There are 2 protein chains.
Amino acid sequence: MARPSVEAERREQILSAACEVVSEIGFKSLRVADVAKRAGTSTGTVHYYFDTKTELMRAAFEWNFARSLDRRRPLLDEHPDPRERLRAFVESYLPVDDVTVRAWHVWAELWVEALHDPDLQEMNEQVYGEWRRIVAGILRDGQDSGLFREEDPVLAANALIGMIDGLALQVLLRSRSMTVDRMRAVCDRTLRNLDVATV
Amino acid sequence: MARPSVEAERREQILSAACEVVSEIGFKSLRVADVAKRAGTSTGTVHYYFDTKTELMRAAFEWNFARSLDRRRPLLDEHPDPRERLRAFVESYLPVDDVTVRAWHVWAELWVEALHDPDLQEMNEQVYGEWRRIVAGILRDGQDSGLFREEDPVLAANALIGMIDGLALQVLLRSRSMTVDRMRAVCDRTLRNLDVATV
DNA sequence: GTCCTGTCTGACCGATCAGTCAAGTTACGG
DNA sequence: CCGTAACTTGACTGATCGGTCAGACAGGAC
């Protein structure tokens with residue numbers, strides 16, 4: 001080694017820029033030059049770290065997921081009560097701030113890109129499985145404590161996560177009928193339905 | 001008029017081809033030449049009926065929606081019992097056959113394209129409002145008949161539709177954890193929860 | 001027949017962009 | 001202070017593709 005490697009930092013910088021650009025203009029419109037500009041570097045450098053645009057995007061999708069998971073992990077240790085834990089977890093999904101909205105945008109782009117790409121489908125499978133495990137785990141905890149109704153936790157987790165995805169999409173589409181507040185109300189209703197004593 | 005107009009049929013033919021191609025390879029990869037070939041015509045003809053690719057896709061999205069609605073309308077008159085009506089309606093959303101899968105694919109492409117296009121957002125708003133009205137209407141009917149629990153029908157409709165969207169997406173992504181059968185099971189669970197007498 | 005108009009064609013043009021490359025620059029070791 | 005290897009640059013290339021256009025064709029009116 002003739003120089004200390006800057007690879008880790010540079011990759012991070014480029015991936016972050018890629019996610020920002022994807023979120024702003026979409027994968028379809030994204031140019032390698034846009035990413036380079038946003039990262040404050042040149043297209044040559046982007047290609048130095050990522051051979052092709054496809055490889056860049058795959059890495060960006062993975063990076064987006066890792067970041068999303070990192071942001072939420074501490075949340076899970078904060079609330080001893082499973083009901084509170086689940087509520088906080090769901091709340092963290094609401095597209096309220098820039099960071100969350102951006103992450104959702106990248107997710108949505110991944111989904112549609114994955115419709116025609118088995119490798120990305122596999123990635124979705126891994127990542128989605130992680131969310132499912134977390135939510136199902138909370139539901140199981142709640143059932144063990146007698147707080148949640150007895151039912152198949154995996155089925156209920158799928159229902160909850162699926163709903164969140166669908167609702168978030170409508171919020172991202174700036175639907176007048178599905179604002180963040182309304183999304184929260186719909187989620188609250190569903191969370192209440194999980195409780196043993198439904199009002 | 002020197003000749004009978006073939007415009008209506010030709011437009012239909014091209015739009016159908018466009019939806020097929022979008023479903024197969026995605027909007028990002030779609031070339032006007034692909035659509036022309038699929039429609040058995042030339043790029044010149046496609047541009048004769050649609051000035052730009054953007055205009056073509058907008059028309060294709062609209063066409064896809066109109067067709068989806070047409071396919072489901074008769075369903076709503078078949079079942080006097082609101083529970084059956086809702087069940088049949090939900091069942092028709094499951095991505096089981098080619099026609100439904102193709103329609104879902106086009107929907108997904110519309111969503112992501114709309115993230116950065118206010119015109120398409122407006123289209124989503126109209127179309128989605130239609131679904132919401134239908135489902136909320138069924139729920140209201142069921143409540144009036146004392147079959148469904150009393151609750152805000154709009155909230156419940158949003159929860160149900162959002163969930164269906166999210167689940168369908170995972171099915172389309174060929175998730176091993178979310179097959180059509182599993183999606184049906186999750187939907188059944190949610191439908192049961194709407195009933196007055198939940199088991 | 002011949003006009004007219006609606007329809008259709010595909011070669012072509014111009015713009016766009018991913019990826020290459022040759023020529024740098026930087027910062028360490030010896 | 002030179003050698004070396006990591007890193008950076010941006011002009012360039014080749015391929016792609018949306019949209020244009022000049023011309024061909026079809027079928028009704030007359």
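In what follows, chains are A, B, ... by sequence order, proteins preceding strands, each numbered from 1. This is a predicted model, so every value here is computed, not measured.
For Tyr49(B), whose side chain is taken as the heavy atoms from C-beta onward, the closest listed nucleotide among dT7(C), dT8(D), dA18(C) is dT7(C). The side chain of Lys53(B) approaches dG18(D) more closely than any other nucleotide in the set dG18(D), dC7(D), dG19(C). In the set dT7(C), dC17(C), dA18(C), dC17(C) carries the atom at the smallest distance from any side-chain atom of Arg31(A).
Pairs passing the side-chain hydrogen bond (donor to acceptor under 3.5 Å, both in side chains) check and including a residue from residues 135-144 of chain A, sequence neighbours excluded, read Arg85(A)-Asp141(A).
For an aromatic pair to be called close, the ring centres must be under 6.0 Å apart, and Phe61(A) with Phe65(A) fails this.
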- Task: Begin from the C-alpha positions of Arg184(B) and Asp181(B) and carry the test salt bridge (Lys or Arg N to Asp or Glu O under 4.0 Å) through to its verdict.
- Result: CA-CA 5 Å; Arg184(B) 189 181 283 114; Asp181(B) 286 341; 3.2 Å; yes
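Taking atom CG of residue Leu30(B) and atom C1' of nucleotide dT16(D), one finds them 14 Å apart after rounding to whole Å. Between the CE atom of Met57(A) and the C1' atom of dG19(C) there is a distance of 17 Å, given to the nearest Å. As a whole-Å value, the separation of Lys28(B) NZ from dT16(D) P is 15 Å. As a whole-Å value, the separation of Arg11(B) CZ from dG6(C) P is 16 Å. Glu9(A) places its CD atom 12 Å from the C1' atom of dC7(D), with the value rounded to the nearest Å. Across the protein-nucleic acid pair, Asp34(A) atom CG and dA18(C) atom P stand 8 Å apart, rounded to whole Å. One can place CZ of Phe27(B) at 12 Å from C1' of dG18(D), the figure rounded to the nearest angstrom. Distance CD (Glu55(B)) to C1' (dG19(D)): 13 Å, rounded to an integer number of Å.
A side-chain donor-acceptor contact under 3.5 Å links Glu122(A) and Gln126(A).
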With 3.5 Å as the limit, what N/O pairs link the protein to nucleotides 9-12 of chain D?
from	atom 1	to	atom 2	distance (Å)
dT9(D)	OP2	Thr41(A)	OG1	2.5
dT9(D)	OP2	Ser42(A)	N	3.3
dT9(D)	OP2	Ser42(A)	OG	3.3
dT9(D)	OP2	Thr45(A)	OG1	2.9

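Salt bridge annotation for Arg192(B)-Asp195(B): absent, with no cationic side-chain nitrogen under 4.0 angstrom from a carboxylate oxygen.
Under the 3.5 Å distance criterion, the side-chain polar atoms of Lys28(B) are left unmatched by any main-chain donor or acceptor of Val112(A).
Considering only side-chain N and O atoms, Arg10(A) lies under 4.0 angstrom from the phosphate OP1 or OP2 of dT8(D).
Aromatic ring orientation, Tyr93(B) versus Phe89(B): perpendicular (interplanar angle above 60°, classes split at 30° and 60°).
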